[in-house]
S.K.: 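Let me begin by handing over the structure; questions about it come next.
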Amino acid sequence: MTEQTKQAVPMKERTDHTLLEVTGLGKHFSLGTGPTTHAIGDVSLSVADGEFVAIVGPSGCGKTTLLRCLSGLLRPDQGQVRYAGEPVNRVPGDLAIVFQEYNRSLFPWLTVRRNVEFGLTDLPRAVRRERAREALERVRLEGFADHFPWQLSGGMQQRVAIARAIALHPRVLLMDEPFASVDAQTRTALEEMTASISAALGLTTLLITHDIDEAIFMADRVVVLSARPSRVVAELQVDISRPRDELAVKALPEFSELRRRIHDLIGASPAAEA
């Protein structure tokens, strides 16, 4: 047993209750009289209450399209998405999404605090302020509430986007390659922070990423998709204790083995159809 494994806290226990379930999901796109793109072929998967799942796959395999179908932003052409046992026909009220392009999801004319409060308009002002304060404290931006997004670095702006998501007190957090636009050092810090917040709040989290290392480090389970039209080719459990330190985790033999297996699975995926 490695030193990192001996000192770590055991992985948190989860119930077997399925919170998010996808059955036979498929999605096509057609632009006028042009050819139809078969983005998602036949995807079935489930996410348990409190579980952190990462989805990886070849570039262009429909990961973002899948997330939009899961969230209710897109309707699938076949199959079904169920959340807490009910069909998803629109975005559930207790589901939050963090997108890759933080500079497009934040409002530059609003302060950081007001960006975080944006989805809380139905709540009393005092409650909105307290939710924003708590969320900014969790992402370590409590001293920047009165700044504007354009006054912050890219990594800080993405932390604002994460704060806005968790201020909703969601049950489910969907993340679409949220760290792809920041530098490597900032990315590591954001990965560790987000994993910690997800565990502390007991969130059910689904992460879309093209980064195999990120998927293994953050997730309890990694789902590997094929090339377009995508299907699930493997689901791999990440049996590494939490909390996780990125450098220590990457030194583990089990990390290297998972990385090799996922890399091989993606590399063996057949070419996407035209």
Side-chain angles (χ1 to χ4, degrees), residues 11 14 16 18-29 35-71 73-83 88 97 100 172-180 191 195 204-240 244 249-250 252-274:
M11 293 177 67
R14 299 189 306 274
D16 292 329
T18 296
L19 186 60
L20 191 62
E21 186 172 20
V22 183
T23 307
L25 189 143
K27 183 65 181 176
H28 299 73
F29 291 103
T36 297
T37 297
H38 194 180
I40 301 174
D42 184 354
V43 169
S44 296
L45 60 90
S46 62
V47 183
D49 193 7
E51 187 178 20
F52 196 128
V53 173
I55 296 180
V56 299
S59 178
C61 74
K63 297 186 292 295
T64 293
T65 299
L66 175 60
L67 180 138
R68 290 177 177 273
C69 289
L70 296 181
S71 67
L73 290 172
L74 276 180
R75 281 185 173 272
D77 295 315
Q78 65 188 50
Q80 188 178 58
V81 180
R82 299 182 72 86
Y83 171 62
V88 173
I97 309 172
Q100 175 182 342
V172 176
L173 179 63
L174 303 184
M175 309 187 81
D176 185 13
E177 301 201 32
F179 315 127
E191 289 169 355
T204 301
T205 306
L206 194 145
L207 170 72
I208 299 293
T209 180
H210 66 274
D211 190 301
I212 296 172
D213 289 10
E214 179 175 275
I216 299 170
F217 171 68
M218 297 187 72
D220 300 318
R221 180 163 52 97
V222 179
V223 175
V224 184
L225 298 182
S226 71
R228 191 179 74 237
S230 56
R231 291 170 171 79
V232 175
V233 296
E235 299 187 31
L236 304 175
Q237 200 72 26
V238 183
D239 292 320
I240 299 175
R244 297 172 183 170
V249 166
K250 287 183 177 180
L252 296 172
E254 48 265 56
F255 178 91
S256 298
E257 174 59 19
L258 278 170
R259 190 179 193 280
R260 182 192 63 76
R261 290 177 64 190
I262 295 170
H263 182 273
D264 289 349
L265 285 164
I266 293 176
S269 180
E273 65 179 21

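Worth saying up front: this structure is predicted, and the values here are computed from it rather than measured.
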S.K.: Give a yes or no on whether the backbone of L45 and the side-chain of E235 come within a donor-acceptor separation of less than 3.5 Å.
M.R.: no
S.K.: Measure the shortest side-chain to side-chain distance between V22 and C69 over non-hydrogen atoms and say whether it is less than 4.5 angstrom.
M.R.: no
S.K.: For C61 and A227, work out which heavy atoms get closest and say how close.
M.R.: CB-CA, 4.1 Å
S.K.: V43 vs S230, test: side chain to side chain contact (heavy atoms under 4.5 Å, CB included). Steps then yes/no.
M.R.: CA-CA 7 Å; V43 169; S230 56; 4.1 Å; yes
S.K.: Could you list the residues that satisfy salt bridge (Lys or Arg N to Asp or Glu O under 4.0 Å) with R259, not counting sequence neighbours?
M.R.: D213
S.K.: Could you point out which residue of D220, T204, V223, L19 forms a side chain to side chain contact (heavy atoms under 4.5 Å, CB included) with V47?
M.R.: T204
S.K.: K250 versus F217: any side-chain heavy-atom pair under 4.5 Å?
M.R.: no
S.K.: Hey, could you give me the CG/CG distance between L174 and L73, rounded to the nearest 0.5 Å?
M.R.: 9.0 Å
S.K.: So, using side-chain contact (heavy atoms from CB on, under 4.5 Å) as the criterion, who are the partners of H263 when residues are at least two apart?
M.R.: I212
S.K.: Quick check for you: to the nearest 0.5 Å, what is the distance between I208 atom CD1 and L70 atom CG?
M.R.: 7.0 Å
S.K.: Starting at OG of S256, measure out to CZ of R261 and round the result to the nearest 0.5 Å.
M.R.: 13.5 Å
S.K.: Indicate the atoms forming the closest heavy-atom contact of F255 with V249, along with that distance.
M.R.: CB-O, 3.2 Å
S.K.: Does E254 reach the side chain of E257, with side-chain heavy atoms less than 4.5 Å apart?
M.R.: no
S.K.: Which heavy atom in E191 sits nearest to a heavy atom in E214, and how many Å separate them?
M.R.: OE2-OE1, 2.6 Å
S.K.: Dump the intermediate steps for side chain to side chain contact (heavy atoms under 4.5 Å, CB included) on L225 and I40, then the final yes or no.
M.R.: CA-CA 10 Å; L225 298 182; I40 301 174; over 6 Å; no
S.K.: Considering residues at least two apart in sequence or located in another chain, which fulfil the salt bridge (Lys or Arg N to Asp or Glu O under 4.0 Å) criterion with R231?
M.R.: none
S.K.: Could I get the full list of side-chain contact (heavy atoms from CB on, under 4.5 Å) partners for L258, not counting sequence neighbours?
M.R.: I216, L236, V238
S.K.: Report yes if some heavy atom in the side chain of I262 is under 4.5 Å from a heavy atom in the side chain of V56; otherwise report no.
M.R.: yes
S.K.: Between T23 and Q80, is the side-chain hydrogen bond (donor to acceptor under 3.5 Å, both in side chains) condition met? List the steps.
M.R.: CA-CA 5 Å; T23 307; Q80 188 178 58; 5.9 Å; no
S.K.: With rounding to the nearest 0.5 Å, note down the distance linking CD1 in I55 to CE in M175.
M.R.: 13.5 Å
S.K.: Taking only residues two or more places apart in sequence, or in another chain, which ones meet E21 in a salt bridge (Lys or Arg N to Asp or Glu O under 4.0 Å)?
M.R.: none
S.K.: Is the shortest side-chain heavy-atom distance between M218 and R244 below 4.5 Å?
M.R.: no
S.K.: Holding to salt bridge (Lys or Arg N to Asp or Glu O under 4.0 Å), I want the full list of residues that pass it with D77, two or more places apart in sequence or in another chain.
M.R.: K27
S.K.: Is there side-chain contact between P178 and D176, with heavy atoms separated by less than 4.5 Å?
M.R.: no
S.K.: If you define the side chain from C-beta out and look only at heavy atoms, does anything of V53 sit under 4.5 Å from L207?
M.R.: no
S.K.: Quick one: closest heavy-atom pair of R221 and E51, and the distance?
M.R.: NE-OE2, 2.8 Å
S.K.: Picking from T65, V81, T64, what satisfies side chain to side chain contact (heavy atoms under 4.5 Å, CB included) with L74?
M.R.: T65
S.K.: So, T18 side chain and L20 main chain: donor-acceptor pair closer than 3.5 Å or not?
M.R.: no
